[in-house]
Structures are given as C-alpha cells and as structure tokens.
Protein chains: 2
Amino acid sequence: MNRKAMEPYQFTATQALVKFKDGSLTVEEYARSLLSRIKKRDDAVGAWAYLNPEYVIRQAKQLDSIPHERRGPLHGVALASADSSLDMPTQHNSPIYEGDEPKVDAAVVATLRHAGVLILGKTTTTEFASTATGPKTRNPHDATRTPGGSSSGSAAAVADFQAPIALGSQTGGSTIRPGSFNGIFAFKPTWNAISREGVKIYSLNLDTVGFFARNVEDLQLLADIFALEDDDIPRQADFSIKGSKFALLKTMAWPQAGPGTAAALEAGAKLLRDHGAEVEEIELPPEFNRMPEWHGVILDSDARATFLPEYRIAKDKLTSLLVEHVENTSRISRAAQLKAFDGVAALRPVIDKTAGKYTAVLTPSVVDEAPVGIEFTGSPAFNKIWTALHVPVVNVPGFRGENGMPVGLSLVAPRYRDRHLLVVSKAVGEIFQAEGGWQTGSPG
Amino acid sequence: MNRKAMEPYQFTATQALVKFKDGSLTVEEYARSLLSRIKKRDDAVGAWAYLNPEYVIRQAKQLDSIPHERRGPLHGVALASADSSLDMPTQHNSPIYEGDEPKVDAAVVATLRHAGVLILGKTTTTEFASTATGPKTRNPHDATRTPGGSSSGSAAAVADFQAPIALGSQTGGSTIRPGSFNGIFAFKPTWNAISREGVKIYSLNLDTVGFFARNVEDLQLLADIFALEDDDIPRQADFSIKGSKFALLKTMAWPQAGPGTAAALEAGAKLLRDHGAEVEEIELPPEFNRMPEWHGVILDSDARATFLPEYRIAKDKLTSLLVEHVENTSRISRAAQLKAFDGVAALRPVIDKTAGKYTAVLTPSVVDEAPVGIEFTGSPAFNKIWTALHVPVVNVPGFRGENGMPVGLSLVAPRYRDRHLLVVSKAVGEIFQAEGGWQTGSPG
C-alpha cells in the first residue's frame, strides 16, 4: 500500500497517534474520514448497532481542544465497542432491554475513554453475546458470509477500516473466531486480567474481554492501558523467531478441521521452520479430551444463574437457548457442574506448564473459512478449550481458505504471559502476513 | 413476644406475607410502620445511605393496587439493599461516583423487584465494600460498637426492625460477620449460584451476594426466588437434629478466637449433643493452612485489575488501600497469584468431600463480639476460608459474649447444598435461639 495515498480511516491506532502528535491530522478530520468510510460501507457490512455521527464529531472537536500536554495515551484513536458505553443505548441485542440507556460506562470503556479514545459507537452482537442467530452484519470480504459472532460488528468494522480497534468478548470463541473470519488480529487476554465490570455476564467463569486490531502494535497499546503485566517484561528487540521453539497442537477438535485450516496449520508451521524456529507437534494428556464437554457444562450452568432475572421478568422475550439454560433442559446435576468446574481448574496449571516449555503453542483458530450465510456465526470448537483454561490467545491472520477467505492461526501462552504472547505474535504475524497469502488490510 | 402487640415493622417477611394475603394489612400501612420505626431509630443507628420516604409510599400504593392474582411471591415485603437499584443514587460510598444514578437494577434487585418487594432504600457500606474505614452506622444493640462491615447498614437495619430482609455481599466476611455482630441470620450462598450482575466487583473470584434476615424461613423465601437448588431436594419435615452428625471445626484462625466465640462454640456443640446429635471435632489437612494467605493473594490480585479504571480516572479520590491494590504494593507475582488461585481450586473438592460426610460443619463466625468503635468493622479471620472455598455458610445467632452482645456460629455445607444448609440452619437456629442466651428480635 502506498503510504502517501492513505486516507485517515485506513490508519492503525499507532499510525493515527503519530499524526495527532505531529499535528498533521486533527481528530475531527480523522473522525470525518472514518464517518465517510462508514457511510459508504454500512449498507454492505452493517457493523453498527448504534452510531451517532453528531456525537462522534462533538467528541472529536472536544478532543482537539485539549492541549497537547494534557492528552491521554490513546488521544483521538477511534474505538468501536461491543459493550455498554455512556450516552449510547445498550440493549444486549435483546428486546428486554429495549430503550435501556446505562449511565455508567463499562470499566473497559471508561478506561479507554479516560485514555482519550474517540468512541464511534456500538457494534452488533448476537443476543446477549450468545450463540443465538447472528445479527445482520456481513463479512466485509464476502457479503454472502458471516463475520462470525458474538462480536460480529466489532471484527467486521476493524477489518473494513471503519475503526482501527474494537472491543469484544469471548465466552466460547467470540473474539478469536471473528478475528480469523475477518482476517484481522484478535486478542483474548488471560481471564480476569482486565475488569469485566459493566459488561453483561454470560458465564462468570468463561467471559473474557477481547480486542480486535489490524496489527499487534495496536494490541500492545491496549495492553499498556490495561496494565497487562507478565512477571518478566519481554522486549520486542530481544525476541527472534530464529531459535524459538513452538508447539504445534491439533487438539481434540482436529477431526472438525476443514481444508483451509489444515492447509494454514501446515503452512504456518513450515513458515516458522523456514525462519529458523523449531516446531514440535505435541498432544495433550487424555484428561484434556473432556475439555469441550466441561466447557459446555460450565457455560450452561453459569448461564442458568445469569439469565434467571431476565427469565423471571420477561421469559417470553428471551431467546429459546437462554430459556433452556435457565430451565436446565440439559439436566446438568450440581455434581456434574462441580466436576466440570474442578476438572478444568485442575488442568489450568497443567496447560501452563506444558505451554511454558515453548515459545508459544500454534493451534487452529477456526474449523475453516467463514461459512456462507449469516444465521450461523461459525463453530467455536477450537476456542472453547482455551477460554475455559483462561490462557491468553492471539489470532494471527495470514492464510486463505479454498474460497480465498482469510484463515488465521491461534498462538497460545500460559496465563499471565500476555505481553510475551504479544511480542511473539508480532514477529509471527509479520512472517505470516508477508508469506502466508493473506495480508490484513488487503482488498480481500 | 406477644403476637397481638406486634407492630407491622416487627414482622418477618414470612409474617408480613400472611397479613398481605389475608387482607389484614396493606403494603402502605406496613411501609408507614417501617418508615416511622426508621425515623425513630435513624439517628441512633444510621443504617441508610439513601432512603426517600415518598418513593417508598409511592411504591407501596402501587403494590396495593395490584390485584391479588397478579401479585408476586414476595409481594409487599420490605427490602434493604446494599447494592445499586433503580431510581436511587449508587456511589459505592466513593467520591468518584458521587451523583451517579444507574438506570438498571442489579440483577438481584431486579429479580426481587419483579417478585414484588417494596424497596426501602440503600444501606451503608464501606468504600467499595472494602475493608476500609466503616461508615457512620452503629450497632443497634450498643451504639458504641460497630455493626461490622462491609454490609454494615443492611445487617443493622434488619437487626433493628427497620427491614425484615436485606442484601449484602461477601468478599472476606462482609455478610457473616455483620450477621453475628447484629445477632441475626446471614446467608452466603454458594459462589456464583446467584448472578452478581450489576453489583460492583471487588474480587471476581470471591465476591458473593449475601442475605440477612431475622429467621431462616425468610432466607428460604429468598432461596426460592433465586432458584437455589441442590441435587436432592431436602424437606424440613424429614430433618431432625437427633441422629445428625456435625463436624466441629476450629480452623487455623482459632488462636484469634476470643472468650465469646470460645464459649459459643462449646455451648453450641453441647446443645446439639443435648438434642441427640453427634458432634465430632475435626481438623483439616495441613494444606488448608495456606487458605488465609491464598485468600489474601486472590483478593489483592483480583482488586489490582478491578480498580484499575478508578485508579486511571481518579487516583486521588481512591482510598489508599485500593491504590495499593492497583500498584501491587504487596509485590504479588503472577506466579504467586496463580499458585493461590490453583491452590484454592484444588481444595474446593476436598472440602466438599469432607463437609459432605457430616450434616454440616459447625465453626466460628467471628473472633468475638462486635468490638467497640465504628472505624474498625472487625476481623474476617473465620470467614475468608469459606468465601474462597465457595461453599455456602449461614450465621446462626444464639449466644452472647462477655459484654452481652450477640455471637453467632457458622454452619457450612458443600457447594450447591444451599437448601440442605438452610434446612439444617432452621433446626439448629431454633435450639440456639431457645437455649443459647440470645434471641433474635430480643431487645438486646
């Protein structure tokens, strides 16, 4: 891409920050560029649940009026949020909350707002971020296909240059999967490393705040804001793919992998080897085979308590999946619930130890390219295990499936090695993007 | 107490429901009785952070206008809430949120409102429900003493007949301790059995919604509303103290126990034996000795993420304890954090198995009577272990310390045996109240 020809809406967060700092771009100019991009593309993509251009411009002007020395670290960077945020109606995509306007930001939004972001609006999600029918958002790379879910609009907006960074959440695969489907970077940090205050609960034990961006530097900016800190502080300059040692893990979900994912995993491993890394295929101990089942039990039982209030208040307005959670139609006993809870808890230190022996674990992000249709937002088969294990995951884009759609791979590290994982993801991402066949920001 | 002479404000929830049902009491009459009790006692106790009599009367009239067949299961029952609720300013007792008025009820409040409760107002808490300096609330049984914290006002209000039931929360000992200090029943259910949606987070892994009442029947009403269900449904009529087998557990905190608690535990065990139960003193395996330390590590590390937004936005308005959490002044490494997290997780099935061998575990609720002064809200030494283990606990009042103040004992059951625990607590409570020397509802 010719840098001179770049429009402001195309900037990553890191690029926009440079322009604001050197005075070559105002937040208002940037906002107008993004709004005109959104206007042009909204009919095709439909990423937004709520966006008020006047509010965006008002914010932009206000940000421009702040003297340089008092500007926040993310001054002016545009943000798309899948969560509740001040002055915008949040209804969790459910008729129960129609018209509801929370007056307190979610903690994650409040923190970013304080850091100076320009909040564009609220992106679409599935109902209560569940696996229910997807919203009307389409994959920006192929309008016949899903962008994934539940954080559908956030991923589509970032992929389509309607925002450089976006917030999502993951309970099954709601951040990593749309990241892969849209050909962008997606980051699910260690569970509970970032406050989930104010984000609607689905499963307290699984829900994790997630981020989307078109490069790793932008995710690192976000990691700074949220004070993600490993015990050892890794430096990008100290890291090299050459001499690294990756684990290649197909997981128990491998029989579900399609040709796009199979080819991507093979290509990814080859690229890492070509660049001087060792890649060792590993298998997890057999007790990990219960992880998908346990993930389901935890999700169902947590949701049984979570959605009781909505069930009591307006059962008729709740999607059938959520009613089934509350009514415990899968007849999960408390004993089974605790077995899953304790079983997964016991495996967390085991995966930390295993993953800790390697630079990172390379594993599929998705079963394949984004499927055709927007009702079904895709399978989280390759994500659930990591969500339940609470470990950080980055989707690294870089490959294409049989239909030319993006396919990413996941890098996984032990809990609270988020910063290490981002350093590794940056180096791996550069190789995948250069030689894997998919470039984030390419026309698709 | 002469039943004929009872004023409406003295009714338990169960008693009030009977009166509403048979038409001998209107919600408005009941509300006026409570408001006049509150007016009379508020200067002495100071239980309320927010209470608007006009709003209470408006609600009461509205409840009275609902036809009998459309009334909720808790129709008209007065509730004191320590949490955010519609139309009432919530500021977590922090200047950061001054004037903040959330427009969405906490899930627990929304559920109770839908069940028909009359919401009286918001009770006092310590800042962000932390162990910071207590609010201006005084123990209704001795104004020179603390009512305990963090749910100070909720416990004091119930003990002082200003509300029959109240909401609290527990991260260390914030429900069970004030329950004991005020001589009432307090119930900390299994962690995450009730949605914590909308309740300010302190520690995601520890925070538990809690309840106060003057008898167990009222706690059972609440358990119904929140669909607390064991695998086996216990029936009160099937349970008898005679032939039961209790574990007596002094715990690693025993050296901190004062004379009031030592005497109460001995008296409690004797009463159970006198009524035909077996009481066996047990000790936990040595790995449980790390529980207090691990509880502290989990609390500090969770709070490090929880209060980052407030720290970023208004550090100068945050109490020093919370600043220390965010700045990790105790220098807890991620490795230590995970060791505590995984260590406690591994002990949860162990305690379930141990406690499951007995009818319940009888153990101290507090180190002693409520101490003199209102700055220090008392030690949670005997509560932290159970909070971190996620097991349900009931404070059963029934004894007095050396200064005549109430001292309760805790009954503990395995996770998700909440209903069983309530059945046992009811039977035990009747014995303790009749023969232990403290009667809830006595003049103190």
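Throughout, a chain's letter reflects where its sequence line sits, starting with A, and its residues are numbered from 1. Only this structure's heavy atoms are used, side chains among them; waters, hydrogens and symmetry mates stay out.
- Between chain B and the residues A:G72, A:S301, A:P349, A:A110, the largest count of heavy-atom pairs under 4.5 Å involves A:P349.
- Contacts of A:A193 with chain B are made by backbone atoms alone, with heavy-atom separations under 4.5 Å and no side-chain atom involved.
- The side chain to side chain contact (heavy atoms under 4.5 Å, CB included) check on A:S203 picks up A:T171, A:N205, A:L206, A:D207, A:I298, A:D302, with sequence neighbours excluded.
- Applying the ring pair (Phe, Tyr, Trp, His ring centres under 6.0 Å) test to B:H295 and every residue at least two apart in sequence or in another chain returns nothing.
- If you measure heavy-atom distances from A:D352 to chain B, the contacts under 4.5 Å come from the side chain alone.
- The stretch residues 327-347 of chain B participates, sequence neighbours left out, in these salt bridge (charged side-chain N to carboxylate O under 4.0 Å, His left out) pairs: A:R415-B:D342, B:K315-B:E327.
- The candidate from B:V326, B:D231, B:T111 with the greatest count of non-hydrogen atom pairs under 4.5 Å with chain A is B:D231.
- If you tally non-hydrogen atom pairs under 4.5 Å between each of B:Q337, B:R304, B:R348 and chain A, the highest count goes to B:Q337.
- Contacts of residues 220-229 of chain A with chain B at a heavy-atom distance below 4.5 Å involve A:D224, A:I225, A:F226, A:A227, A:E229, listed in sequence order.
- Considering only heavy-atom pairs separated by less than 4.5 Å from chain B, the leading option among A:A345, A:S195, A:A346 is A:S195.
- One finds the CD atom of B:E197 at 9.5 Å from the CG atom of A:L204 (value rounded to the nearest 0.5 Å).
- Proximity of B:I201 to A:R196: side-chain heavy atoms (C-beta onward) are separated by under 4.5 Å at one or more points.
- At a 4.5 Å heavy-atom cutoff, A:R417 makes no contact with chain B through either its backbone or its side chain.
- Among B:T306, B:N328, B:N192, B:D230, the residue with the largest count of heavy-atom pairs under 4.5 Å with chain A is B:N192.
- Annotation: the span from B:W191 atom CH2 to A:F341 atom CZ amounts to 4.5 Å, rounded to 0.5 Å.
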